Colleague: 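Quick one: this structure, given as structure tokens, is what I'll be asking you about.
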Number of protein chains: 2
Amino acid sequence: MSTTKMKTSARAVGKTRASAAGRARSAEILRVAAKMFFKHGYAGASIDAIIAEAGGSKRDIYGEFGGKEGLFAAIVRDNLNTALGTLASGMDESKSLQETLFDFGIGLAEVLSTPTGLNLYRIIVSEGVRFPALAKLFYDSGPGLVANKLAEVLEQRKRAKEIDVADCHAAADQFVGMIRGNLHLAVILRIRPAPRPDELQAFVSKAVATLLHGIVSTRKA
Amino acid sequence: MSTTKMKTSARAVGKTRASAAGRARSAEILRVAAKMFFKHGYAGASIDAIIAEAGGSKRDIYGEFGGKEGLFAAIVRDNLNTALGTLASGMDESKSLQETLFDFGIGLAEVLSTPTGLNLYRIIVSEGVRFPALAKLFYDSGPGLVANKLAEVLEQRKRAKEIDVADCHAAADQFVGMIRGNLHLAVILRIRPAPRPDELQAFVSKAVATLLHGIVSTRKA
DNA sequence: CCCTCTTGGTACTACCCCGTACCAGTGTGC
DNA sequence: GCACACTGGTACGGGGTAGTACCAAGAGGG
């Protein structure tokens, strides 16, 4: 792509915006609409209220996103990308398994504690049934992908005889489940505030210890 | 108050129902309303639609439950009680720790896989922010209580030197998290069907193994 | 200077919903 | 046979929403 512009014919269809002002407007709509959808839910959010706060006209929404459903889908995809972006840091082969798990768990727990992560989880659980494609996208590129990546790491360590477990994928799911446990649920339900960094580190550290050694044997190293 | 009856003047206020037909009507309203709320969400469920299917008049709802919010609260409490009822089976002291954990995990996983459990979880995550009292009730008598009971069991076993872990409550949360992990999320999102009994048993069995011995050491017993 | 295209803003249509009020039919105690 | 409370059903008022249509103002090229 020499230029960032799309085909000019696309404008005739009214699907995309070309002008800089149009792109800025779209971004503002996405920002305000996300706030509304996350705060009031899909049914409770109102197109009129979104436009009243974001400025512009309803045509900006219906031309760019096709309607309320399209706007909702765009918001889910957008926030999913921002959440996954902060999680993208790769695996370091040189680190010990304990360190690797700790870093992995911290990254996951941080994303889950983010306002974006919390809101996304809430809205997907709420509306996933009515938007199966979005639910699958969320799962496959979120919790499912994370577990798959962790399972690969565990497989490597298993081949290196560092660990001895039959089902690495189950173990990965177990670790993800420990991180997204009652603490996460309590934060989701606003029963307690999001954990401080030191709380998070202690929490993840305990999860790593249990995953590695369990609660029966005395810690070895 | 010598008898268990409430003041007869209560009927004048229109708060309670006395007749058998009234109680049957209330039960039917609860049943249909639960279906509607679970299917369409709080905002999407309509009082008119509920009455159209349950029969009777809107006055039956406004007299008995006070309004839409009261009806919703009644439904959450009702379904929470049914879900907890199936979970109430007590701890058996004579069983081994492994057996105890397995039974515990199976009970929890079964409740979570129930339509009632799935719907309740979904609706509480959706609407918990708007109904803080219900969210707290759900957490305290559901996931929170379960974790507390399990933590007590672990404390006993710790005093008996069966296990060696610093934070029993964290370990209980970890186990609950493993049970309510990606599998549960996938079922919630309708990405996969509820697990069959044999799948559930294998799943819980692996979680018990990891909790007890971790993935590093070779299984000992 | 004029014309056209874009865009912000508003009006409108056709619904839907909560909560209350009213009306007609029914069964029961007397 | 009768008065009465109860109940099912319907109508209404006030408000709100999604989506479409329309209008007026401004920008920019010729």
Side-chain angles (χ1 to χ4, degrees), chain A residues 5-6 8-33 35-37 39-75 127 130-131, chain B residues 8-33 35-37 39-75 127 130-131:
Chain A
K5 224 182 357 179
M6 309 190 89
T8 49
S9 69
R11 175 189 247 168
V13 197
K15 282 291 178 62
T16 55
R17 278 169 172 275
S19 71
R23 268 181 275 112
R25 174 72 62 208
S26 286
E28 180 67 2
I29 287 176
L30 280 178
R31 198 186 61 81
V32 173
K35 199 179 80 176
M36 294 291 188
F37 277 122
K39 187 169 183 181
H40 303 101
Y42 180 81
S46 135
I47 300 276
D48 289 317
I50 292 169
I51 283 301
E53 185 167 336
S57 169
K58 280 194 189 183
R59 208 175 347 111
D60 296 326
I61 288 181
Y62 286 90
E64 181 85 6
F65 304 103
K68 196 178 184 180
E69 294 193 6
L71 179 59
F72 181 70
I75 284 164
E127 309 293 341
R130 246 181 309 278
F131 297 91
Chain B
T8 48
S9 68
R11 175 188 246 171
V13 196
K15 280 293 177 60
T16 54
R17 275 168 175 276
S19 72
R23 268 181 273 112
R25 173 71 62 210
S26 286
E28 180 67 3
I29 287 176
L30 280 178
R31 198 187 61 81
V32 174
K35 201 179 79 175
M36 294 292 188
F37 278 122
K39 188 169 181 182
H40 302 101
Y42 180 80
S46 134
I47 300 277
D48 290 318
I50 291 169
I51 283 300
E53 184 167 336
S57 168
K58 281 194 191 181
R59 211 177 342 112
D60 296 327
I61 289 182
Y62 287 91
E64 182 84 7
F65 304 102
K68 195 178 186 183
E69 294 193 6
L71 179 60
F72 182 70
I75 284 163
E127 310 292 343
R130 245 180 310 276
F131 297 91

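Not measured: the values here are computed from a predicted model.
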Colleague: Nearest to the side chain of A/Lys68, heavy atoms from C-beta on, is which of C/dC18, D/dG19, D/dG8?
Modeller: D/dG19
Colleague: Distance check needed: D/dA18 P versus A/His40 NE2, whole Å only.
Modeller: 13 Å
Colleague: Can you tell me which nucleotide in C/dC18, C/dG8, D/dT17 comes closest to the side chain of B/Ser46?
Modeller: C/dC18
Colleague: Closest to the B/Tyr62 side chain: D/dT10, C/dC18, D/dT17?
Modeller: C/dC18
Colleague: For the pair made of CZ in A/Arg59 and C1' in D/dA21, what is the distance, rounded to whole Å?
Modeller: 10 Å
Colleague: Can you tell me which nucleotide in D/dG8, D/dA18, C/dG9 comes closest to the side chain of A/Ser57?
Modeller: C/dG9
Colleague: Write down the atom of A/Ala43, the atom of A/Lys68, and the distance for their closest heavy-atom approach.
Modeller: O-NZ, 3.7 Å
Colleague: Whole angstrom is fine here: how far is it from CZ in B/Phe37 over to C1' in C/dC18?
Modeller: 12 Å
Colleague: Once you round it to whole Å, what is the distance between P of D/dA18 and CZ of A/Phe65?
Modeller: 15 Å
Colleague: Could you tell me the separation between the CD1 atom of B/Ile61 and the P atom of D/dG9, rounded to a whole number of Å?
Modeller: 13 Å
Colleague: In terms of ring plane angle, is the pair A/Phe72 and A/Phe37 parallel, tilted or perpendicular, where the classes change at 30° and 60°?
Modeller: perpendicular
Colleague: Looking at every heavy atom in both B/Val32 and B/Ile50, which two are closest together, and how far apart are they?
Modeller: CG1-O, 3.8 Å
Colleague: Indicate, with a heavy-atom threshold strictly under 4.0 Å, whether A/Ala43 touches base, sugar-phosphate, or nothing.
Modeller: nothing
Colleague: Could you state the atom-to-atom distance from CG of B/Asp48 to P of D/dA11 in whole Å?
Modeller: 12 Å
Colleague: Can you tell me which nucleotide in C/dC18, D/dG8, D/dA18 comes closest to the side chain of B/Asp60?
Modeller: D/dG8
Colleague: Reckon A/Ala54 touches a base, only the sugar-phosphate, or nothing at all at heavy-atom distances under 4.0 Å?
Modeller: nothing
Colleague: If we check salt bridge (Lys or Arg N to Asp or Glu O under 4.0 Å) with B/Glu53, which of these qualifies: B/Lys39, B/Lys35, B/Arg31?
Modeller: B/Lys35
Colleague: Looking at CG of A/Asp48 and CD1 of A/Ile61, how far apart are the two atoms once the value is rounded to the nearest 0.5 Å?
Modeller: 9.0 Å
Colleague: Tell me the interatomic distance from B/Lys58, atom NZ, to D/dG13, atom C1', rounded to whole angstroms.
Modeller: 11 Å
Colleague: Taking CD1 from A/Ile50 and P from C/dG9, how many angstroms apart are they, rounded to a whole number?
Modeller: 16 Å
